[in-house]
A.B. asks: 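Here it is, the structure, as structure tokens.
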Amino acid sequence: MTHAYLPSFFETTWQERWRQAQIFRAKNPGEPGFDPAQKKYYVLDMFPYPSGSGLHVGHALGYVGTDVIARRKIMEGFNVLHPMGWDAFGLPAEQYAIQTGKHPRATTDENTKNFKRQLENIGIGYDWSREIDTSHADYYRWTQWLFLKLYERGLAYQAEVAVWWCEELKTVLANEEVINGRSERGNHPCVRRPLKQWMLKITAYAERLLADLEGLDWPESIKIQQREWIGRSEGAEVHFRLGAQPAESITVFTTRPDTLWGATFLVLSPEHALVKRIRTPECSKAVEAYVAAAASKSEIDRADASKEKTGVFTGAFARNPVFDAGDPRGLVPVWVADYVLSTYGTGAIMSVPGHDERDFEFARRFDLPVREVVKPPKGVKGLAEGVCYTGDGTAVNSGPIDGLPTREATARAIALIEERKTGRSRVTYKLRDWLFSRQRYWGEPFPLLHLADGSIVPVPEDALPVLLPEMTDFKPSADGSAPLARAQEWVRTIDPRTQQPARRDTDTMPGWAGSCWYWLRFMDARNERAPFSKAAEQYWGPVDLYVGGAAHAVMHLLYARFWHKVFFDAGLVHTKEPFQRLFNQGMVTAFAYEDATGRLVASDEVEPAGDRYLRRGSEDPLKQIVTKMAKSLKNVVNPDDIIAANGADTFRLYEMFMGPLADSKPWNPRDIPGCKRFLERLWRCYFDPAGEVRPELARGATEKPLEGDTALLERSLHKAIQRTHDSFQDLNLNTAIAAFMTFVNDVTRLQAAFTRSQAERFLRLVAPFAPHVAEELWSRMGQTGLVAQAAVPAAEPRWLVEDEIEIGIQVNGKLRGNARVPRVAAAPAVEAAARQVVAAHLSGKEVVKVVVVPGKLVNFVVKG
RNA sequence: GCGGGAAUGGCGGAAUUGGCAAACGCGCGAGACUUAGGAUCUCGUGGGGUGACCCUUGGGGGUUCGAGUCCCCCUUCCCGCACCA
């Protein structure tokens, strides 16, 4: 049966041919063969961290998707850049190395080799001449170089700040890496600790990071997540003078300056610097105890908004500046409570219990006064009904702003405090500066020198890279100091400019550093004199399509945008934003099984029995559910296994056929044979039973006239071409494959009418999806060259319209019949034909109205 | 609690954006070919009645000649964020 479809006989051969012909090699300006008239297309995958467990089918979904797009774009005539590399530095690589007892260099090299093999196995056409590895010196040299650009611009600084410390990982972490007081990687508990750390001033770009989201073709949900993370709010800061010491004041931030007249107390966060100074002797013990308790509480406990509010009075009072000196309403008590965050605003708030839920709850708990200063609109419950009203309304009990609606009241209140020089309008952000140092080994060393006098100088450009020292013991130190501090010969160095002794910085950059500019390196990956050439950036930037999981909605995508904007300001890049269009591929989920008690059962313990599932060797019925793939459930699928059993083309088709690229969908092994059967049927369309290419498809065969069944196939082919074209618009590539299947079914039915021209055009259509079988058939048909470099076939309008079409005929909106009418028939003629078909439904009734939708249907509205 | 997304046959999913719901695939049923199994091919397959009738896109209302699609209310699930003053 040599003529059967046997993908293993030819898939690797074609992969080798593509490599030799370098068909995925993108051409840079100035290179031989570069055509300035050719349009460029830069499609980028979020490059992976090369984990020890290799690629699974979820990664592959995005990679196959971009490969199909890239291959299609090549066939459309674009100069396509589709690169791949490895995000190899960072905590996971180091943790894995520690677990396995191997050096991260060794494990990283092993893992990247495996990833690359897997990707090639799938037949993905990357430009491997641009492969990068963020942990290689010829890459991180430029990461260091770019870091110095930030440093020179004053955007990198050292500060003693309360940072997240993870005892398990023995390192500090960024805000973004800590979720509910636990590390994002590994889910270990974290605590706040004051430490001297490198920070990047991302807050200086908050406004632009927010504003420039507008012009991006990104999923709205990602934009919203970024907006929320940046967390801009407009309001005012207001100084409340302390009664005892007139020179001192407490500054609060509020988004509702219009409610100043309703502020009945102030609250400081337990970490606020003034707490120690203002508490009165009588209250000092209670305050101290409270602050200590708050410090020892876990972040999760503190963050739990549902629990009852706690707090303690400091004994001190402050003056509300909107009231006159003698007004008793102006003297407000100062409390300490942990519902006020030290990290937001000024770490102190004015409490307006009448119009803020949290303050309301606190005031009730501690029996503090509540004053109404905003009257809700008619019909809305407010303080009069005993509920806190937080919406807009009309100012009352507020002296000079009484009667004003909230918007104007706010503006007037700000004007008033500014006049009295006791505050000003202010914008705050939730976004914090980015904690950029780690006390770990596997990262980029900081290109900075500490001199004897305590000053810091950058390592000169020509002395880069600062190489990571070879260390055999790179485990984090128990005391939290950096492992690099133990490489004493490395630490002790000289300042090349002065020849004076100097010490290297012993922290390393976080895992995100390398991914903050990698799309730029891909443009000019082998450049030894610069991170990338101006010409390459001018030509390739920005990325036209960036594809990856929604998991990176905030961290990577925010950091990358930040660095890119700094580069823009430094004149290094010509676009404000790095990624014009962002697309999130959906998650590939898996089936899992739970028993009667709701416990999940590993999938190798499960046996299908008809339409039910049983625990292997028992009668326990199990319920099939959909979950994330997880090692513990043994439902992680490796592409290698699928390819070994079915071939790469089947694997690719199944990945794309599962559903729209953006949707989450379960991996269902039962569906895979359907895709393989399609390829087998496709194969049979091209060969006779003896295994020879059908004579009418072979080179030199005479084309059949486009009539009868051949015309039918021609029409079917053009429809498939059109549907494929459409499917690329929304990346619903599953519908393209459905169109291929329909065409192949037609050919199977009308075998004798199939022509060489049709056979050849169909291969050009299918090639981006199932490139191996397309090449094999292409060459067996006697075509020269590669189908991967042939042109996309065109749909001709005249083949897309039928002369006679079937329309639906409705009576009162219900389908009652069909009729075939000429496409160009006039409405009255269509109506007359329709009337005959549904005569039985119309008899004895009065036709009130007739709706004729050309080419679609006729609807008779009847009475009686 | 707030924000975003979703809900269509036994399953994954289609539906020209207001115009014949269920394309395509899986699964299932019947048949053909086979000594037999497998593979392949053909036909069927939303539900109920089983004649030509009714029902059906999570539920309930509405707009319309016509609603999976638009509007209002509700339920469930997934993903973010979560005392941000």
Side-chain angles (χ1 to χ4, degrees), chain A residues 1 4 179-180 219-225 227-229 231-233 235 252-256 259 267 302-307 309 337-341 343-352 355-359 361-362 390 428-430 550-551 553-554 584 587 589 591 610-611 624 626 653-654 657-660 662-675 677-678 680-681 684 722-723 726 732 734-742 745 748-749 806-818 840 848-862:
Chain A
M1 293 278 282
I179 297 154
N180 289 332
E220 200 51 39
S221 64
I222 303 282
K223 289 190 187 183
I224 288 167
Q225 282 184 58
R227 278 189 207 113
E228 281 182 356
W229 190 264
R232 182 183 199 274
S233 41
V252 303
F253 173 74
T254 176
T255 55
R256 292 292 301 272
T259 62
V267 188
R302 272 191 68 168
D304 186 3
S306 62
K307 72 167 189 351
K309 299 237 173 327
D338 69 0
Y339 81 90
V340 176
L341 307 174
T343 50
Y344 182 75
T346 61
I349 61 159
M350 66 176 202
S351 236
V352 184
H355 307 288
D356 181 286
E357 294 282 0
R358 298 151 299 181
D359 298 345
E361 195 190 323
F362 193 80
T390 57
T428 60
Y429 301 90
K430 281 194 234 173
V554 177
N584 292 126
M587 205 177 7
T589 52
F591 291 124
D611 55 351
Q624 190 182 58
V626 170
L653 276 178
Y654 176 62
F657 189 58
M658 289 167 77
D663 290 7
S664 284
K665 52 238 154 182
W667 183 267
N668 190 353
R670 211 179 59 180
D671 287 342
I672 296 170
C675 291
R677 272 200 279 271
F678 159 71
E680 288 165 346
R681 216 173 300 144
R684 281 197 298 273
Q722 184 59 44
R723 287 179 64 190
D726 293 344
N732 294 339
N734 53 325
T735 60
I737 296 169
F740 301 161
M741 289 171 168
T742 305
N745 289 345
T748 303
R749 205 159 36 83
E806 190 163 88
I807 60 164
I809 301 158
Q810 300 180 334
V811 177
N812 283 344
K814 287 201 165 109
L815 186 69
R816 293 299 182 201
N818 289 92
V848 187
K849 188 175 176 181
V850 182
V851 181
V852 179
V853 184
K856 301 281 186 198
L857 53 70
V858 179
N859 187 15
F860 294 98
V861 186
V862 300

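Letters go in sequence order (proteins before strands), and every chain restarts at 1.
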A.B. asks: Minimum heavy-atom separation for A:Pro219 to A:Asn584, with atom names?
C.D. replies: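 Distance-wise, the nearest heavy atoms are CG-OD1, 3.4 Å.
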
A.B. asks: With P as the reference atom in both, quote the distance from B:C41 to B:C26 in angstrom, rounded to an integer.
C.D. replies: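 Comparing P positions in B:C41 and B:C26 gives a spacing of 10 Å.
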
A.B. asks: From the set B:U40, B:G12, B:C20, return the single nucleotide nearest to any side-chain atom of A:Glu680.
C.D. replies: B:U40

A.B. asks: Provide the closest heavy-atom pair for A:Asn732 versus A:Pro660 in the form atom of the first, atom of the second, distance.
C.D. replies: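 The answer is OD1-CB, 3.4 Å.
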
A.B. asks: Can you tell me which nucleotide in B:G3, B:C26, B:G19 comes closest to the side chain of A:Ile224?
C.D. replies: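 Nearest nucleotide to the side chain: B:G3.
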
A.B. asks: Record whether the side chain of A:Asn668 comes under 3.5 Å of the base of B:C11 through a donor-acceptor pair of N or O atoms.
C.D. replies: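 Side chain to base: no pair below 3.5 Å.
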
A.B. asks: When all nucleic acid strands are considered with a 4.0 Å heavy-atom cut-off, which category describes A:Val340: base, sugar-phosphate, or nothing?
C.D. replies: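 Contact class for A:Val340: base.
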
A.B. asks: Nearest to the A:Pro660 side chain among B:U16, B:A14, B:A85, which nucleotide is it?
C.D. replies: B:A14

A.B. asks: With a cut-off of less than 4.0 Å, is there a side-chain N or O of A:Tyr344 near OP1 or OP2 of B:A85?
C.D. replies: yes

A.B. asks: Examine the side chains of A:Asp359 and A:Tyr339 and answer whether a donor and an acceptor come within less than 3.5 Å of each other.
C.D. replies: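 Side chains of A:Asp359 and A:Tyr339: pair found under 3.5 Å.
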
A.B. asks: What distance, rounded to whole Å, do you find between the two C1' atoms, one in B:A36 and one in B:C54?
C.D. replies: 47 Å

A.B. asks: Would you measure the distance from the P atom in B:U34 across to the matching atom in B:G51 and give it in whole Å?
C.D. replies: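 Going atom to atom, P in each nucleotide, I get 37 Å.
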
A.B. asks: Go ahead and name the base partner of B:C70; Watson-Crick or wobble counts if both distances stay under 3.5 Å, otherwise write none.
C.D. replies: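 Paired with B:C70, as far as the under-3.5 Å criterion goes, is B:G62.
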
A.B. asks: In whole angstrom, give the distance that lies between atom CD of A:Glu220 and atom C1' of B:G3.
C.D. replies: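 It is 11 Å, rounded to the nearest whole Å.
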
A.B. asks: Quick one: does A:Asn859 reach the base of B:C65 with a side-chain donor-acceptor pair under 3.5 Å?
C.D. replies: yes

A.B. asks: Remember a base hit wins even if backbone is also touched, and classify A:Asn732 as base, sugar-phosphate or nothing at under 4.0 Å, heavy atoms.
C.D. replies: nothing

A.B. asks: So what's B:A82 paired with, Watson-Crick or G-U wobble, going by both distances under 3.5 Å?
C.D. replies: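 Base-paired to nothing in any strand shown.
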
A.B. asks: Considering every strand and a 4.0 Å limit on heavy-atom distances, what is the contact class for A:Ser664: base, sugar-phosphate, or nothing?
C.D. replies: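 Sugar-phosphate: the residue A:Ser664, judged by heavy atoms under 4.0 Å, touches backbone atoms but no base.
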
A.B. asks: Taking any heavy-atom pair under 4.0 Å as a contact, classify A:Asn734: base, sugar-phosphate, or nothing.
C.D. replies: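 Answer is sugar-phosphate: A:Asn734 comes under 4.0 Å of backbone atoms only.
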
A.B. asks: Which one, B:C20, B:G80, B:A23, comes nearest to the side chain of A:Glu806?
C.D. replies: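 That would be B:C20.
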
A.B. asks: Any idea if B:U57 is syn or anti, going by the 90°-from-0 cut?
C.D. replies: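 This nucleotide is in anti.
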
A.B. asks: Say you pick atom P in B:G5 and the same atom in B:G62; how far apart are they, in whole Å?
C.D. replies: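 The answer is 27 Å between these two P atoms.
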
A.B. asks: Decide yes or no, distance alone: a donor-acceptor N/O pair under 3.5 angstrom between the base of B:C83 and the side-chain of A:Lys309.
C.D. replies: yes

A.B. asks: Using both distances under 3.5 Å as the test, list the Watson-Crick or G-U wobble partner of B:C28, or none.
C.D. replies: B:G44

A.B. asks: Whole-Å distance between B:C83 P and A:Glu228 CD?
C.D. replies: 13 Å

A.B. asks: Taking CE from A:Met587 and P from B:G12, how many angstroms apart are they, rounded to a whole number?
C.D. replies: 16 Å

A.B. asks: Which base sits across from B:G51 as a Watson-Crick or G-U pair, both distances under 3.5 Å?
C.D. replies: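 Pairing partner, where one exists within any strand: none, as none qualifies.
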
A.B. asks: Looking at CG of A:Leu653 and CD1 of A:Ile737, how far apart are the two atoms once the value is rounded to the nearest 0.5 Å?
C.D. replies: 5.0 Å

A.B. asks: Has A:Arg816 got a side-chain N or O lying under 4.0 Å from the OP1 or OP2 atom of B:C54?
C.D. replies: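 It does, given that an N or O in the side chain of A:Arg816 lies less than 4.0 Å from OP1 or OP2 of B:C54.
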
A.B. asks: Could you work out which one of B:A85, B:U40, B:C20 sits closest to the side chain of A:Asp356?
C.D. replies: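 Of the options given, the side chain of A:Asp356 lies nearest B:A85.
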
A.B. asks: Please report the shortest heavy-atom distance between A:Ala738 and A:Arg723, naming the atom on each side.
C.D. replies: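 Residues A:Ala738 and A:Arg723, closest heavy atoms: CB-NH2, 4.1 Å.
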
A.B. asks: Assess the residue pair A:Asn668 and A:Met658 against the criterion (side-chain contact (heavy atoms from CB on, under 4.5 Å)); give the C-alpha distance rounded to whole Å, side-chain angles, the decisive distance to 0.1 Å, and a yes or no.
C.D. replies: CA-CA 9 Å; A:Asn668 190 353; A:Met658 289 167 77; over 6 Å; no

A.B. asks: Can you tell me the pairing partner of B:G37 across any strand shown, Watson-Crick or G-U wobble, with both distances under 3.5 angstrom?
C.D. replies: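 Across all strands, not a single nucleotide pairs with B:G37.
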
A.B. asks: In whole Å, what is the span from the CG atom of A:Asn812 to the P atom of B:G19?
C.D. replies: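 Distance check: A:Asn812 CG to B:G19 P gives 20 Å.
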
A.B. asks: Taking any heavy-atom pair under 4.0 Å as a contact, classify A:Val861: base, sugar-phosphate, or nothing.
C.D. replies: sugar-phosphate

A.B. asks: Map A:Lys849 and A:Phe657 onto RNA chain B by nearest heavy atom, then report which one ends up closer to the 5' terminus.
C.D. replies: A:Phe657

A.B. asks: Where does B:G9 land, syn or anti, once you apply the within-90°-of-0 test for syn?
C.D. replies: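 Syn conformation here, the glycosidic angle of B:G9 being no more than 90° from 0.
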
A.B. asks: Sticking with atom C1', work out how far B:C72 lies from B:C79, rounded to a whole angstrom.
C.D. replies: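 Their C1' atoms lie roughly 26 Å apart.
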
A.B. asks: Taking the side chain of A:Arg677 as heavy atoms from C-beta outward, which of B:G13, B:U40, B:G25 is closest to it?
C.D. replies: B:U40

A.B. asks: Starting at CD1 of A:Ile222 and ending at C1' of B:G4, how long is that distance when rounded to a whole Å?
C.D. replies: 10 Å

A.B. asks: In whole angstrom, what separates A:Met658's CE from B:C26's C1'?
C.D. replies: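 Interatomic distance, CE of A:Met658 to C1' of B:C26: 13 Å.
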
A.B. asks: Give the rounded distance in Å between these two atoms: CZ of A:Phe362 and C1' of B:A85.
C.D. replies: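 Atom-to-atom, A:Phe362 to B:A85, this comes out as 14 Å.
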
A.B. asks: If you measure from CZ on A:Arg232 to NZ on A:Lys430, what distance do you get to the nearest 0.5 Å?
C.D. replies: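 Those atoms lie 13.5 Å apart.
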
A.B. asks: A:Val340 and A:Gly347: which non-hydrogen atoms are nearest, and at how many Å?
C.D. replies: CG1-O, 3.6 Å

A.B. asks: Between B:C55 and B:A21, how many Å separate the two P atoms, rounded to a whole number?
C.D. replies: 13 Å

A.B. asks: Would you compute the distance between atom CG of A:Asn859 and atom NZ of A:Lys814 and round it to the nearest 0.5 angstrom?
C.D. replies: 11.5 Å

A.B. asks: What nucleic acid atoms does A:Arg227 come within less than 4.0 Å of, heavy atoms only: base, sugar-phosphate, or nothing?
C.D. replies: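 If one applies the 4.0 Å heavy-atom cut-off, A:Arg227 turns out to touch nothing in the nucleic acid.
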
A.B. asks: In whole Å, measure the gap between the P atoms of B:U75 and B:U56 for me.
C.D. replies: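 One P to the other, the span is 24 Å.
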
A.B. asks: Choose from B:C24, B:C41, B:A85 the nucleotide whose nearest atom is closest to any side-chain atom of A:Arg684.
C.D. replies: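 Nucleotide nearest to A:Arg684's side chain: B:C41.
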
A.B. asks: Under 4.0 Å between a side-chain N or O of A:Asn745 and OP1 or OP2 of B:G25?
C.D. replies: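 So the side-chain polar atoms of A:Asn745 do come within 4.0 Å of the phosphate oxygens OP1 or OP2 of B:G25, strictly under.
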
A.B. asks: Quick one: label A:Lys665 by what it contacts on the DNA or RNA (base, sugar-phosphate, nothing), any heavy atom closer than 4.0 Å.
C.D. replies: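 The residue A:Lys665 makes sugar-phosphate contact but no base contact.
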
A.B. asks: Between A:Gln225 and A:Ile672, just flag the one whose closest nucleotide in RNA chain B comes earlier from the 5' side.
C.D. replies: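 The residue mapped nearer the 5' terminus is A:Ile672.
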
A.B. asks: For A:Ser233, answer base if it contacts any base atom (sugar-phosphate contacts may also be present), sugar-phosphate if it contacts only those atoms, and nothing otherwise; contact means non-hydrogen atoms under 4.0 Å.
C.D. replies: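 Contact class for A:Ser233: sugar-phosphate only.
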
A.B. asks: Classify A:Arg749 by what it touches in the nucleic acid, base, sugar-phosphate, or nothing, heavy-atom distance under 4.0 Å.
C.D. replies: nothing

A.B. asks: Side chain of A:Thr255 only, heavy atoms from C-beta on: which candidate in B:C24, B:C26, B:A85 is closest?
C.D. replies: B:A85

A.B. asks: Any strand is fair game: report the nucleotide pairing with B:A6 by Watson-Crick or G-U wobble, both distances under 3.5 Å, or none.
C.D. replies: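 Pair assignment: B:A6 / B:U76.
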
A.B. asks: On a whole-Å scale, what distance lies between the P atoms belonging to B:G44 and B:G37?
C.D. replies: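 My reading of the P atoms in B:G44 and B:G37 gives 24 Å.
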
A.B. asks: Roughly how many Å is it from CD1 in A:Ile807 to P in B:C20, rounded to a whole number?
C.D. replies: 12 Å

A.B. asks: Given B:C83, B:G19, B:G27, which nucleotide is nearest the side-chain atoms of A:Arg670?
C.D. replies: B:G27

A.B. asks: Using only atom types and a distance under 3.5 Å, with no angle test, would you say the side chain of A:Arg256 pairs donor to acceptor with the backbone of A:Thr390?
C.D. replies: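 Checked: pair present.
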
A.B. asks: Of all the nucleotides listed (B:C41, B:A23, B:C20), which has the minimum atom distance to the side chain of A:Gln810?
C.D. replies: B:C20

